[in-house]
*Asks:* 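Before I ask anything, let me first share the structure, which is written out below as structure tokens.
The analysis underlying the following values was restricted to heavy atoms, covering all of them including side chains, and did not include hydrogens, waters or symmetry mates. Letters A, B, ... are given to chains in the order of the sequence lines, protein chains preceding strands, and every chain is numbered from 1.
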There are 2 protein chains.
Amino acid sequence: MATTLRDIAAACGCDTSTVSRALRGDGRLSADLRDRIIATAARLGYRPNLAARHLVTGRTRTVWMLSGGLEAPTDHLPAIAAASHLRGRGYDLLVAVHQGDREGHDRLLGRMRQQVCDGAIILASHLDQDSHALVALAATGFPIVFVDRHVPGIPAPVVTSANKAACAGLVAAAAAAGAQRAVILFGRRNTVDSERLDATHAALRDHGMVADGRGPVAILGQDEQVIRRIMDQQGIHPCMIGVFDRWTGPAPQDCTVVVQPQDFTSMAEVASDLLLDRMEQHVAPSGKHEIPCPAAIRIG
Amino acid sequence: MATTLRDIAAACGCDTSTVSRALRGDGRLSADLRDRIIATAARLGYRPNLAARHLVTGRTRTVWMLSGGLEAPTDHLPAIAAASHLRGRGYDLLVAVHQGDREGHDRLLGRMRQQVCDGAIILASHLDQDSHALVALAATGFPIVFVDRHVPGIPAPVVTSANKAACAGLVAAAAAAGAQRAVILFGRRNTVDSERLDATHAALRDHGMVADGRGPVAILGQDEQVIRRIMDQQGIHPCMIGVFDRWTGPAPQDCTVVVQPQDFTSMAEVASDLLLDRMEQHVAPSGKHEIPCPAAIRIG
DNA sequence: TTGTAAGCGTTATCAC
DNA sequence: GTGATAACGCTTACAA
């Protein structure tokens, strides 16, 4: 059996409430007793039972991050950054993954209403897009924050990259590389994808470029793998590739690759702080927060 | 405020203990009352307070997975597989990430002794290798299981791929491709790396191959990125590349790439079941469990 | 079939 | 400064 406050109280000949206070530095008590308590607590290897503490305080000092899967950098980079940022604030971050499974997804959202965490960072997936469970959770006032993708209509802060600016930059780079048209691999699979699609079309118009036709072509997309696949399948030889986050290996022949990184660390930190605001004061700026992207990197 | 058993009891004119039993299908009680209780619970949106339940039962039906970082497939693939497997067994999986930080690492291990989870799957990192906190945790009899990497000397089940056989297979493929020597990129960074290094050397001897000299060369390693870098830096043109888990893109000129996948899903499932054994019966086979690798894939 | 009551390990509000 | 004492919300014998 684990040591409890009672064991320490018995060993020190005092009351459990005194031990509790001593161990939390709360209240004023004689230095002598305090030291004795702390010493025996250490000797007995005392660890507070968090279930009991949570029950009485109603708070867990724990934040969950809900994620569909962890493969993508857009999922695990924010997780890592938020974990260390929140740790510094005295909170533990736990990542819950539902892997596209509706039942698991809903169960995890349900858990949040059961005193297992004080708030949650949501990396929205397609499941969230019409999730009754998520709407219900948000309706209770439970503190949530979206990172990167979000669900329109749910009143919670959203932290994203400055996607419009980033896409405009990529299109400008495409034009500078001599492209007269572009293959656009952004779609409408989520809010980020959608925003990039719209921003890219707008920027193309500004540069007098078109989506199809003849002449030197650029490829713009989110993901290296997808871009490579399309190039192979359709035999495209672009003069420029614009891609988010990363490109492994060298640039293809006669082609400039422009990589637009995203600052997931800042995104996670801003999101964490917004969440802490909501958790601690129940007040929250529920709008959109755009994190500037680092300078683009040119390969080849 | 959230609805509690008392609210339902009041609404139904019965006792909280009756509500508790009705909601868990425990005990026998009149169908009428049971239905009324269930209906009002649903109407009031009742969700059991898990902190309270954990306190009284001493169990959380939660498993933690401890991971250094989530970038590598060896980290997130087991996480995803274990999450869905454990969900089916009535447990929630939460991933805790310490990102190479000693303080965070120890704090998370400490949490496990504080009734936040019933057991843990450990993806051992360099921090665990001489972690006093991990040794202390294991010494308490807290149920843990290692997946992939492990910490020698800690009495807990270890689930790995059949690395010896896999390495022997890669060396055989190298020989078949005409290689007379091999550049080995396995090191001694962790237990898996080490095991592969030894197994590969042994297999090379069996095939009469050497680590350096002249003649057609093979490169054997864990990671595509590392292999590509070494090839570039040292200007090596291998006749065969043996790599674990994945190779993106085509094979280099005049080179066969043999990819040896690992079955992380099975590994995670076996590990989960071993952990459940330990958690539920406190009995456990503490040895090594090797999961066969899927057939190797040949590219080029 | 249902109610009573004890208790899980803490924290917090009082007295003294 | 320190000790009773009452919660927190739930489960679980044991009575009735």
*Asks:* Look at all strands and tell whether Arg28(A) reaches a base, only sugar-phosphate, or nothing, counting heavy atoms closer than 4.0 Å.
*Replies:* base
*Asks:* Closest to the Leu33(B) side chain: dT11(D), dT2(C), dG1(D)?
*Replies:* dT2(C)
*Asks:* Among dG3(C), dT11(D), dT10(C), find the nucleotide with the atom closest to the side chain of Val56(A).
*Replies:* dT10(C)
*Asks:* Around Arg102(B), counting heavy atoms of other residues, nucleotides and ligands shown, do more than 12 lie under 6.0 Å from its CZ?
*Replies:* yes
*Asks:* Can we say Arg61(A) and Asp92(A) salt-bridge, meaning some charged N sits less than 4.0 Å from an Asp/Glu carboxylate O?
*Replies:* no
*Asks:* Of all the choices, dG9(D), dT11(D), dT11(C), which nucleotide is nearest to the side chain of Asn49(B) once you look at every atom?
*Replies:* dG9(D)
*Asks:* Using a cut-off of less than 4.0 Å, is there contact between a side-chain N or O of Ser30(B) and OP1 or OP2 of dT2(C)?
*Replies:* yes
*Asks:* If you compare every side-chain N and O of Ser20(B) against the phosphate oxygens of dC10(D) (OP1, OP2), does one of them come in below 4.0 Å?
*Replies:* no
*Asks:* Give the nucleotide from the list dG3(D), dG1(D), dT2(C) with an atom nearest to the side chain of Arg21(A).
*Replies:* dG3(D)
*Asks:* Quick check for you: among dT2(C), dG9(D), dG3(C), whose closest atom lies nearest to any side-chain atom of Ser17(B)?
*Replies:* dG3(C)
*Asks:* Classify the nucleic acid contact of Leu29(A) as base, sugar-phosphate or nothing, counting any heavy atom under 4.0 Å across all strands shown.
*Replies:* sugar-phosphate
*Asks:* Calculate the interatomic distance between Leu5(B) atom CG and dT12(D) atom P; express it in whole Å.
*Replies:* 12 Å
*Asks:* From the list dC10(D), dG3(D), dT4(C), which nucleotide is the closest neighbour of the side chain of Tyr46(B)?
*Replies:* dC10(D)
*Asks:* Please determine whether a side-chain nitrogen or oxygen atom of Thr4(B) lies at a distance below 4.0 Å from atom OP1 or OP2 of dG9(D).
*Replies:* no
*Asks:* Which nucleotide, dT11(D), dT10(C), dG3(D), lies nearest any side-chain atom of Thr18(A)?
*Replies:* dG3(D)
*Asks:* Can you figure out which of dA12(C), dG3(C), dT10(C) approaches the side chain of Arg24(A) most closely?
*Replies:* dA12(C)
*Asks:* If I take atom CE in residue Met1(A) and atom P in nucleotide dC8(C), what distance separates them, rounded to the nearest angstrom?
*Replies:* 9 Å
*Asks:* Roughly how many Å is it from CG in Asp35(B) to C1' in dT2(C), rounded to a whole number?
*Replies:* 16 Å
*Asks:* Report the nucleotide, chosen from dT11(D), dG3(C), dA4(D), that has the shortest atom-to-atom distance to any side-chain atom of Arg53(B).
*Replies:* dT11(D)
*Asks:* Starting at atom CG of Asp7(B), determine the distance to atom P of dG9(D), rounded to an integer number of angstrom.
*Replies:* 9 Å
*Asks:* Can a donor-acceptor pair be found, under 3.5 Å and without considering hydrogens, that links the side chain of Asp75(B) to the backbone of Ala72(B)?
*Replies:* no
*Asks:* So that I can tick it off, tell me whether Arg87(A) and Asp101(B) are bridged by a salt bridge, with the cut-off set at under 4.0 angstrom between side-chain N and carboxylate O.
*Replies:* yes
*Asks:* Whole-Å distance between dT11(C) P and Arg59(A) CZ?
*Replies:* 13 Å
*Asks:* Going by the angle between their ring planes, with limits at 30° and 60°, are His105(B) and His98(B) parallel, tilted or perpendicular?
*Replies:* perpendicular
*Asks:* Among dG3(C), dG9(C), dC10(D), which nucleotide has an atom closest to any side-chain atom of Leu55(A)?
*Replies:* dG9(C)
*Asks:* Nearest nucleotide by nearest heavy atom, which residue falls closer to the 5' end of DNA chain C, Thr57(B) or Thr16(B)?
*Replies:* Thr16(B)
